[in-house]
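Here is the structure we will look at.
Protein chains get the first letters and strands the later ones, always in sequence-line order, with residue 1 at the start of each.
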Number of protein chains: 2
Amino acid sequence: MALDTDLITAELAARGLRLTRQRRAVVDAVAASDACLSPLEVFQAAREGCPDLGLTTVYRTLELLGEIGALRRIHGAEGCERLVPASTAHGHSVVCGVCGRVTEFTECDMTNVLAAARRETGYRITEHFLQLNGVCIECAAR
Amino acid sequence: MALDTDLITAELAARGLRLTRQRRAVVDAVAASDACLSPLEVFQAAREGCPDLGLTTVYRTLELLGEIGALRRIHGAEGCERLVPASTAHGHSVVCGVCGRVTEFTECDMTNVLAAARRETGYRITEHFLQLNGVCIECAAR
DNA sequence: GTGCGTGCAAATTCTTTGCAATGCA
DNA sequence: TGCATTGCAAAGAATTTGCACGCAC
């Protein structure tokens, strides 16, 4: 679940923004972890490669990365501020309840479910947020 | 999307807890609204029928109601602390992006999607969180 | 009486903002 | 020069905790 630095650079450039050393450290920290990290954890991890990084910058960068769709927030029991890299703007996350690892899942044909929802509620559905929880291969093998 | 007071009473009783006047005010406030409310909004609404209610009690009650599955948190751009009544422990919410109204949606056959997820990620899926966003009938008519 | 439940105030945690300094084009 | 970017410190918001009192069984 790597983050494409070139893509991020391009997205930022399109808005007149830059991928600075600090922002890159934040991106790398999120991309390097296969768990979902809190802003503070991102800060701590990113600091290893960029000791002069400030927490404020982490918050600002995370928001920015969220806007361009490079990050996704995980909906969990403690809230939904934990972050995970997203290779595409639309995709879903599968969270292992044992080790916390998160994997991306892109193939999703929700046609039937969305049609059923429309039938049951009358709403015109424009977006869906789906998150799966389960047990990853390694944890299942134990 | 009514909340069943008897059911809540029973769930609480099973844990040796009571549905007090304050707790009932919180339940009523959430049930009466068809939008998703923040804890503060619940507090303000619940106070109308229970002026001596404290914010602390609201937080404690919301957590309690969440535990027994009577409430569901909505995953939104600003976080996921906004609450909506849930008639069943498993169900999904459909949020109108125009007026903010939330409707419950219970019929969901995710079999195919879950199978695809298992195939793609190898995870054994145990739970899913699905939230739909769209436009409600009234807003669509305008 | 025994615990659950409560409100208030204080403490804590998390996040955002103001601002002067820095850096790159 | 012009504007994005940064860190620090302060401010602010949201949430939790400690505690003594009230209330139901």
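Taking atom CZ of B/F43 as the reference point, atom P of C/dC8 lies 8 Å away to the nearest angstrom. At whole-Å resolution of the value, CG in A/L62 and P in C/dC14 are 14 Å apart. Atom CZ in A/R73 sits roughly 15 Å away from atom C1' in C/dC14 (whole-Å rounding). A straight line from CG of B/L19 to P of D/dC23 spans 18 Å, rounded to a whole angstrom.
Contact check for A/V95 versus A/V102: side-chain heavy atoms found under the 4.5 Å cut-off. A/C108 is listed as a side-chain neighbour of A/H128, based on a closest heavy-atom distance under 4.5 Å.
The list of ring-ring contact (aromatic ring centres under 6.0 Å, His included) pairs with a residue in residues 9-52 of chain A, not counting sequence neighbours, is empty.
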When you compare the protein's N or O atoms with those of nucleotides 8-15 of chain D, which come within less than 3.5 Å of each other, and at what distance?
from	atom 1	to	atom 2	distance (Å)
D/dC8	N4	A/T56	OG1	3.3
D/dT15	OP2	B/Y59	OH	2.4
D/dT15	O5'	B/Y59	OH	3.4

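Scored by the salt bridge (charged side-chain N to carboxylate O under 4.0 Å, His left out) test, A/R82 finds A/E41 as partners (sequence neighbours excluded).
The stretch residues 7-18 of chain A touches DNA chain D through A/G16, A/L17, A/R18, each having a heavy atom under 4.0 angstrom from the strand. A heavy atom closer than 4.0 Å to some atom of DNA chain D occurs in A/T20, A/Q22, A/R23, these being the qualifying members of residues 20-27 of chain A.
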Q: Under the side-chain hydrogen bond (donor to acceptor under 3.5 Å, both in side chains) rule, what do A/Q22 and A/T61 come out as? Steps first, then yes or no, please.
A: CA-CA 9 Å; A/Q22 287 89 339; A/T61 303; over 6 Å; no
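Of the candidates A/L64, A/T20, A/L83, A/L65, A/V26 forms a side-chain contact (heavy atoms from CB on, under 4.5 Å) with just one, namely A/L65. Of the options B/H90, B/H92, B/E104, a side chain to side chain donor-acceptor pair (under 3.5 Å) to B/R72 is made by B/E104 and by none of the others.
Rounded to the nearest 0.5 Å, atoms OG1 (A/T121) and CD (B/E107) are 10.5 Å apart. Once rounded to the nearest 0.5 Å, the distance linking CD of A/Q131 with CD1 of A/I74 reads 4.5 Å.
Its side chain within the 4.5 Å cluster rule, B/L114 clusters with A/V94, A/F105, A/M110, A/V113, A/L114, A/Y123, A/I125, A/L130, A/L132, B/V94, B/F105, B/M110, B/V113, B/Y123, B/I125, B/L130, B/L132 among the Ile, Leu, Val, Met, Phe, Trp and Tyr residues.
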